[in-house]
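Residue numbers count from 1 along this sequence. Model, not experiment: these values are computed from the prediction.
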Amino acid sequence: RLAGSAGQSVSWRKLQQAAAGLNVDFLGQVTREAMPTFLRSLDVLAITSVCPENFPYVVLEAQAAGVPVVGSDLGGITERIDEDMRFRPGSAEKLAAALDHVRREATAVRLPDVPTAEKMLEATEAVYHQVIGARR
């Protein structure tokens, strides 16, 4: 199940052509209201970014829904998922290995605690206070 706002992009059309005849659903944009249901319908969420992302909230949302996440080994994605669940950006072979790890270790895959917005704010404020204290 592929979701996203790619819509009519060249990449999206190429994916649709490559997936012709396969069991692949192209959902397009998933609304905020539908996101929890969509995430719970997945066996695993794959974040296949090729450019660094600070920290995509969909990682937290999937983990909060109890869904394992595999993702590109770059940016903030690496902070939330185990090494066995990461892959080199653009590497179909490494992505397949990460997905296979989830398949083989389904019951052993560690789903980290998902911090609340309040906990994330407290952690951010602690960093600010530490930096301010270091400047004095």
Side-chain angles (χ1 to χ4, degrees):
R1 303 183 79 205
L2 296 175
S5 59
Q8 298 302 313
S9 73
V10 173
S11 298
W12 193 259
R13 287 194 302 273
K14 284 183 180 180
L15 280 172
Q16 288 175 314
Q17 290 170 355
L22 299 175
N23 185 19
V24 178
D25 293 327
F26 288 84
L27 304 177
Q29 186 74 32
V30 176
T31 66
R32 177 179 300 201
E33 297 77 26
M35 187 59 73
T37 301
F38 168 71
L39 289 171
R40 285 190 298 272
S41 76
L42 303 176
D43 295 321
V44 62
L45 175 72
I47 307 288
T48 59
S49 301
V50 293
C51 297
E53 298 193 37
N54 290 335
F55 187 66
Y57 282 116
V58 71
V59 173
L60 290 174
E61 292 171 340
Q63 291 171 337
V67 176
V69 177
V70 299
S72 300
D73 193 8
L74 46 79
I77 296 169
T78 61
E79 296 175 17
R80 290 294 306 174
I81 57 178
D82 291 339
E83 187 174 346
D84 292 337
M85 315 264 285
R86 298 191 302 250
F87 53 91
R88 188 175 66 250
S91 172
E93 182 179 284
K94 297 293 184 182
L95 168 58
L99 290 170
D100 190 52
H101 172 76
V102 172
R103 183 189 59 79
R104 286 183 288 106
E105 305 292 333
T107 57
V109 168
R110 179 185 69 82
L111 289 175
D113 291 331
V114 178
T116 63
E118 291 80 18
K119 292 289 183 191
M120 291 172 68
L121 177 61
E122 288 172 12
T124 302
E125 286 179 337
V127 170
Y128 288 155
H129 290 296
Q130 184 178 19
V131 169
I132 290 169
R135 288 186 175 176
R136 292 182 181 171

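For the atom pair Asp25 CG and Leu2 CG, the distance stands at 8.5 Å (nearest 0.5 Å). Distance check, rounded to the nearest 0.5 Å: CD of Gln29 to CE of Met35 gives 7.0 Å. How far CG of Leu42 is from CZ of Arg1: 6.5 Å, rounded to the nearest 0.5 Å. The CD atom of Glu105 sits 11.5 Å away from atom CG of Asp82, with the distance rounded to the nearest 0.5 Å. The distance from atom CD of Gln63 to atom CG of Leu39, rounded to the nearest 0.5 Å, is 11.0 Å. Note that NE2 of His101 is 11.5 Å distant from CZ of Arg103, once rounded to the nearest 0.5 Å.
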- What do the steps show when you test Met85 against Val69 for side chain to side chain contact (heavy atoms under 4.5 Å, CB included), and what is the final call? CA-CA 7 Å; Met85 315 264 285; Val69 177; 5.7 Å; no
- Task: Report the C-alpha separation of Leu15 and Phe26 in whole Å, then their side-chain angles, then the decisive distance to 0.1 Å, and conclude whether the side chain to side chain contact (heavy atoms under 4.5 Å, CB included) test is met.
- Result: CA-CA 9 Å; Leu15 280 172; Phe26 288 84; 3.9 Å; yes
- Decide side chain to side chain contact (heavy atoms under 4.5 Å, CB included) for Leu95 and Val70; before the verdict, give the C-alpha distance in whole Å, the side-chain angles of both, and the deciding distance to 0.1 Å. CA-CA 8 Å; Leu95 168 58; Val70 299; 4.1 Å; yes
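Of all heavy-atom pairs between Phe38 and Leu27, the closest is CE1-CD1, 3.3 Å. Here the shortest heavy-atom pairing between Gly71 and Ile81 reads N-CD1, 3.3 Å. Scanning both residues, Ala3 and Trp12, for their nearest heavy atoms gives C-CH2, 4.2 Å. Residues Ala62 and Leu45 come closest through the heavy atom pair CB-CD2, 3.6 Å. When all heavy atoms of Ala65 and Arg40 are compared, the pair lying nearest together is CB-CG, 3.9 Å.
Each of Leu74 and Val59 belongs to its own hydrophobic cluster when Ile, Leu, Val, Met, Phe, Trp and Tyr are linked at side-chain heavy-atom distances under 4.5 angstrom. Under the 4.5 Å side-chain heavy-atom criterion for Ile, Leu, Val, Met, Phe, Trp and Tyr, Leu121 and Leu60 are members of distinct hydrophobic clusters.
The side-chain hydrogen bond (donor to acceptor under 3.5 Å, both in side chains) contacts involving residues 117-128 comprise Thr116-Glu118, where partners must be two or more places apart or lie in separate chains. Sequence neighbours left out, the pairs with a member in residues 44-62 that pass side-chain hydrogen bond (donor to acceptor under 3.5 Å, both in side chains) are Ser49-Glu53.
Dense packing is recorded around CG of Asp100, with more than 12 heavy atoms of other residues, nucleotides or ligands lying under 6.0 Å away.
Here the side chains of Ile77 and Pro56 are in contact, with some heavy-atom distance below 4.5 Å.
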